[in-house]
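Just the heavy atoms: all of them, side chains too, but no hydrogens, waters or symmetry mates, feed the values below. Lettering of chains follows the sequences in order, A, B, ..., and the numbering in each one begins at 1.
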Number of protein chains: 2
Amino acid sequence: MNVRKTSVRSIPSRLRPVGVIRSTLRSRKNAPRQGSEGAPDAWLEVHPWAADGLHRLVVGDEILVITWFHRARRDVLQVRPRSDPRNPITGVFATRSPDRPNPLGLHPVVVRAIEGTRLRIGPIEAIDGTPVIDIKPVLR
Amino acid sequence: MNVRKTSVRSIPSRLRPVGVIRSTLRSRKNAPRQGSEGAPDAWLEVHPWAADGLHRLVVGDEILVITWFHRARRDVLQVRPRSDPRNPITGVFATRSPDRPNPLGLHPVVVRAIEGTRLRIGPIEAIDGTPVIDIKPVLR
């Protein structure tokens, strides 16, 4: 029995975006590398079918927004962190590079405002049009 | 132009597990709800094709392991947190429920040991056979 194959097969479905980022950041090249590095606030538009999942989220909550870096490369396993040639070659699992086998972004943000199914959040370095996969509360 | 549809379409591929959890926890029913609630250490077996991504990870590193809760329900948008009937109905995006549209688990753990492509990590509440989707360093 090949246990590894069983595990690979056990992901039955594609990711289904629950929302999308609407930001003034339009290109990956100009985006900060982390939210804490001068990134702007943005809108998280939750798709109507998923809006019931927002119940009891309130302004001021600290949340983790998980995105899919749709412009990333999935065939990269090693990088120089921050694309800086002075940094040593490093495995992507030891870096926050967006280029990685499953290009998930993890963004700790604060909920600034809620307007219907739109959340004003920030700071966040994700570019306009980035799909949102999940939203989780920060645990204390 | 329907921008939402464009975003949904922009996730081109399935998730590809980079590894699997090998744990003494065998069923979701018996698993702690968070790693900090008495969960054991476990092995993270990285699949051979992804092993280059581990370069420069070392014992003692604090990492975030992202899993796919393969036993979760994806059609649930509201729950009572911790399955406690005394808790109010809450949107899944305001909880850490494994039942959610994209059942990603987020596990902060410490690397206890490294043996080839296997990482000893913990504490972690994920059950045996849980696919691992990504590994990220904790940012300070």
Side-chain angles (χ1 to χ4, degrees), chain A residues 3-4 6-8 10-22 34 36 45-58 61 63-64 66 68 70 74 76-78 88-96 100-104 106 108 129-137 139, chain B residues 3-4 6-8 10-22 34 36 45-58 61 63-64 66 68 70 74 76-78 88-96 100-104 106 108 129-137 139:
Chain A
V3 182
R4 283 204 180 96
T6 303
S7 299
V8 171
S10 68
I11 297 193
S13 317
R14 289 167 190 265
L15 291 172
R16 190 178 181 194
V18 300
V20 63
I21 298 294
R22 293 296 168 210
Q34 298 297 331
S36 56
E45 292 183 4
V46 175
H47 297 323
W49 67 267
D52 283 349
L54 295 175
H55 184 53
R56 300 182 72 86
L57 262 187
V58 296
D61 280 355
I63 58 174
L64 297 167
I66 301 179
W68 183 261
H70 57 310
R74 300 187 64 177
V76 171
L77 286 172
Q78 300 193 337
I89 293 279
T90 304
V92 290
F93 300 140
T95 83
R96 287 293 187 107
R100 54 205 309 121
N102 297 295
L104 296 170
L106 188 60
T130 300
V132 173
I133 302 306
D134 201 5
I135 302 167
K136 294 182 190 293
L139 294 184
Chain B
V3 182
R4 282 205 180 97
T6 303
S7 301
V8 170
S10 69
I11 297 194
S13 316
R14 289 168 189 265
L15 290 173
R16 190 177 179 194
V18 300
V20 63
I21 297 294
R22 293 296 168 208
Q34 297 298 329
S36 57
E45 293 183 3
V46 174
H47 297 323
W49 67 266
D52 283 349
L54 296 175
H55 185 53
R56 300 182 71 87
L57 262 187
V58 296
D61 280 355
I63 58 175
L64 296 167
I66 302 180
W68 183 261
H70 56 310
R74 300 187 65 177
V76 171
L77 286 171
Q78 299 194 338
I89 293 279
T90 305
V92 292
F93 300 140
T95 83
R96 288 291 188 108
R100 53 205 309 121
N102 297 295
L104 296 171
L106 188 60
T130 300
V132 173
I133 301 307
D134 201 5
I135 302 167
K136 295 182 189 294
L139 294 184

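- Chosen from A/S36, A/G91, A/G53, A/A94, the residue pairing most often with chain B at heavy-atom distances under 4.5 Å is A/G53.
- No other option in B/V58, B/D61, B/L77, B/V132 has as many heavy-atom pairs under 4.5 Å with chain A as B/L77.
- Using a distance-only test at 3.5 Å, with no hydrogens or angles considered, a donor-acceptor pair links the side chain of B/K136 to the main chain of A/L104.
- Between B/W49 and A/P101 there is a side-chain heavy-atom pair separated by less than 4.5 Å.
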Which is it for A/N102 and B/R16 under the side-chain contact (heavy atoms from CB on, under 4.5 Å) test, yes or no, and what are the steps along the way? CA-CA 7 Å; A/N102 297 295; B/R16 190 177 179 194; 4.1 Å; yes
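- Ranking B/L54, B/I63, B/I89 against chain A, the residue ahead of the rest is B/I89, based on heavy-atom pairs under 4.5 Å.
- The part of B/T95 that comes within reach of chain A is its backbone (N, CA, C, O), which places non-hydrogen atoms under 4.5 angstrom from that chain.
- For the pair B/W68/A/L15, a side-chain contact is recorded, criterion being any heavy-atom separation below 4.5 Å from C-beta on.
- Contact of B/L139 with chain A is made through backbone and side chain together, with heavy-atom distances under 4.5 Å.
- If you tally non-hydrogen atom pairs under 4.5 Å between each of A/R96, A/Q34, A/Q78 and chain B, the highest count goes to A/R96.
- No other option in A/D52, A/I66, A/V92 has as many heavy-atom pairs under 4.5 Å with chain B as A/D52.
- Considering only heavy-atom pairs separated by less than 4.5 Å from chain B, the leading option among A/V76, A/D134, A/L57 is A/D134.
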